[in-house]
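Data first, discussion second: the structure below is written as structure tokens.
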Amino acid sequence: MPLLIQNGRIVTASDAYTADIYCEDETITRIGRNLPAPPGAALIDAAGKYVFPGFIDPHVHIYLPFMGTYAKDTYESASRAALVGGTTTLIEMACPARNDEPLAAFELWKSKANGNSFCDFTFHMGATRYDSLAESQLKEIVAAGISSFKVFLAYKGAFGVDDAELFQVMRLAKSLGVIVTAHCENADAIALRQKELLAAGKTGPEWHEPSRPESVEALGVNHLSRFAAMHDTHCYIVHTSCEPAVREALEARARGAHVWIETLIQYLTLDKTYAELGDFQGSKFVMSPPLRDKRNQPFLWHNLANGNISTVATDHAPFDFKGQKEMGREDFTKIPNGIPSLEDRISVLYTAGVKSGKIDLHRFVDCASAQAARLFGLYPRKGTIQAGSDADLVIFDPNYRGVITAETQHMAVDYNPFEGMPIEGRAETVTVRGQVAVRNGNFVATEHRGRFLQREPNHF
Ligand code: URP
Ligand code: ZN
Ligand code: ZN
């Protein structure tokens with residue numbers, strides 16, 4: 001059924017104006033003042049509300065075998081949580097183990113999503129090994145519609161690549177026109193520090209951050225960006241947590257490297273004192289790179305506001321406190337790494353960023369939607385509001401007031417890292433390609449309409 005959204009304040013990365021939006025056959029077909037309502041069209045009154053392009057989370061984990069367990073969400077629960085929070089497109093990290101074949105892994109990750117997702121999705125393909133088989137299969141995967149790889153410098157033995165592999169992934173990516181997303185931490189330094197801390201009896205979650213300090217991340221960013229520069233490859237540093245790491249990336253960019261920076265909503269609003277909470281509660285806040293000293297936050301916000309940091313993602317990686325985080329009670333290196341946050345990114349970013357005056361509305365849309373669409377080959381199908389774009393729209397109520405709690409969340413995990421945080425503003429109505437999936441904050445979709453988004457390489 002066609003949909004007419006009336007009198008909303010349309011805000012994109014570049015424009016703000018009041019108009020109606022008409023959606024037919026999954027796309028936006030007209031934008032203008034006082035558009036006639038065709039017979040049979042559904043009407044939504046958006047007066048007093050913002051209308052944003054559907055938000056894109058460019059870094060999530062849904063199917064994730066990791067550290068002896070599996071992340072908790074399925075596409076069913078994750079896409080529901082995403083939509084309730086205003087996120088209409090997911091870019092998941094497909095993370096095969098080193099002895100898995102890339103093509104089989106790609107099919108496996110896709111099979112978890114196909115037919116089970118309420119919103120659209122695509123993948124960054126993990127390049128977790130490099131040999132002739134991996135090379136030919138990665139080429140096939142790009143031909144099948146993937147235009148970004150993922151490499152890990154950390155997690156040696158699980159996903160991490162060595163320097164010879166990194167060199168070849170960068171060379172292949174350049175030849176295919178693919179951007180390489182990267183987890184940047186020096187794995188050897190981490191392994192040695194972990195060993196020393198454990199030997200000294202420092203076993204609690206509060207020692208996770210000291211085991212992988214800011215310098216370890218900065219070193220990783222330097223390493224990665226120099227390998228990328230050798231081949232002139234475009235790269236994207238995921239989950240950048242601190243000033244030294246951002247500075248390394250900016251210095252690489254100043255040298256002429258094609259480097260983009262992602263930070264996370266967790267780093268902007270939480271800090272390492274959360275991982276120091278007693279009674280093992282700190283384990284809920286163990287992720288890598290770790291939550292940092294609060295002094296980093298003004299620097300991150302400043303560089304987000306000026307566009308040096310392109311995107312705000314979640315790195316959603318949900319592990320229950322009971323039974324999963326608890327695996328590391330005697331040894332922090334065994335705590336599954338990850339902080340769930342998919343559902344709350346937009347409300348928290350709006351509250352902590354826009355309402356507090358740290359970023360303006362355009363930067364909000366840019367860093368949470370448009371930039372990811374541009375960098376990963378989805379723009380202007382996603383990431384903006386214009387005729388021809390997919391009708392993924394968020395009607396956002398800036399006057400909503402609420403408090404985040406796990407009791408009402410849709411993520412399939414037993415805690416919420418933002419528990420008790422007051423929020424100002426939320427996604428009230430959300431559409432997926434022209435059909436309402438969330439109404440008045442309630443999930444109402446009944447069909448798994450989410451589609452795999454094929455992307456073209458060489459879109460820079
Ligand atoms: O702690 C994290 N970030 N867990 C998910 C895996 C990763 O490194 O992205
Ligand atoms: Zn990572
Ligand atoms: Zn991740």
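Numbering of ligands and ligand atoms starts at 1, following listing order.
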Checklist entry - Which atoms of ligand 1 are found less than 4.0 Å from any heavy atom of H59? => result 9 (O)
Next on the checklist: Distance under 4.0 Å to a non-hydrogen atom of M287: what atoms of ligand 1 satisfy this?
Outcome noted: 1 (O), 3 (N)
Item to check | Nearest option to atom 4 (N) of ligand 1, as decided by whichever heavy atom of T181, N337, L264 sits closest | outcome: N337
Checklist entry - If you count the atoms of ligand 1 from 1 in the order shown, which ones are under 4.0 Å from a heavy atom of H239? => result 8 (O), 9 (O)
Checklist entry - In terms of ring plane angle, is the pair F167 and F227 parallel, tilted or perpendicular, where the classes change at 30° and 60°? => result perpendicular
Checklist entry - Short N/O distance, under 3.5 Å, between K150 and ligand 1? => result no
Checklist entry - Does the ring of F321 carry K284 above it, NZ/CZ under 6.0 angstrom from centre and within 45° of its axis? => result yes
Item to check | Residue and atom name of the nearest protein heavy atom (relative to atom 7 (C) of ligand 1), distance in Å to one decimal | outcome: Y155 OH, 3.5 Å
Checklist outcome for this item: The atom of H183 among N, O or S that is nearest the Zn ion (ligand 2) is ND1
Item to check | Nearest neighbour of atom 2 (C) of ligand 1 from the list S241, S288, P289, on a heavy-atom basis | outcome: S288
Next on the checklist: Between E196 and R193, does any side-chain N to carboxylate O distance fall below 4.0 Å?
Outcome noted: no
Checklist outcome for this item: Atoms of ligand 1 under 4.0 Å from any heavy atom of H61, numbered from 1 in the order shown, are 5 (C), 6 (C), 7 (C), 9 (O)
Next on the checklist: Suppose we only allow N, O or S atoms; which atom of D315 ends up nearest to the Zn ion (ligand 3)?
Outcome noted: OD1
Item to check | Identity and separation of the nearest protein heavy atom to atom 3 (N) of ligand 1 | outcome: D315 OD2, 2.5 Å
Item to check | Polar side chain donor-acceptor pair, S241 to E217, under 3.5 angstrom | outcome: yes
Checklist entry - What orientation do Y155 and F152 show, parallel under 30°, tilted 30 to 60°, or perpendicular over 60°? => result tilted
Next on the checklist: Under 2.8 Å from the Zn ion (ligand 3), can any N, O or S atom of H61 be found?
Outcome noted: yes
Checklist entry - Which pair of non-hydrogen atoms, one from D320 and one from A412, has the smallest distance, and what is that distance? => result OD1-O, 4.3 Å
Next on the checklist: So that I can tick it off, tell me whether R451 and D120 are bridged by a salt bridge, with the cut-off set at under 4.0 angstrom between side-chain N and carboxylate O.
Outcome noted: no
Item to check | Residue pair D293 / T273, side-chain heavy-atom distance below 4.5 Å | outcome: no
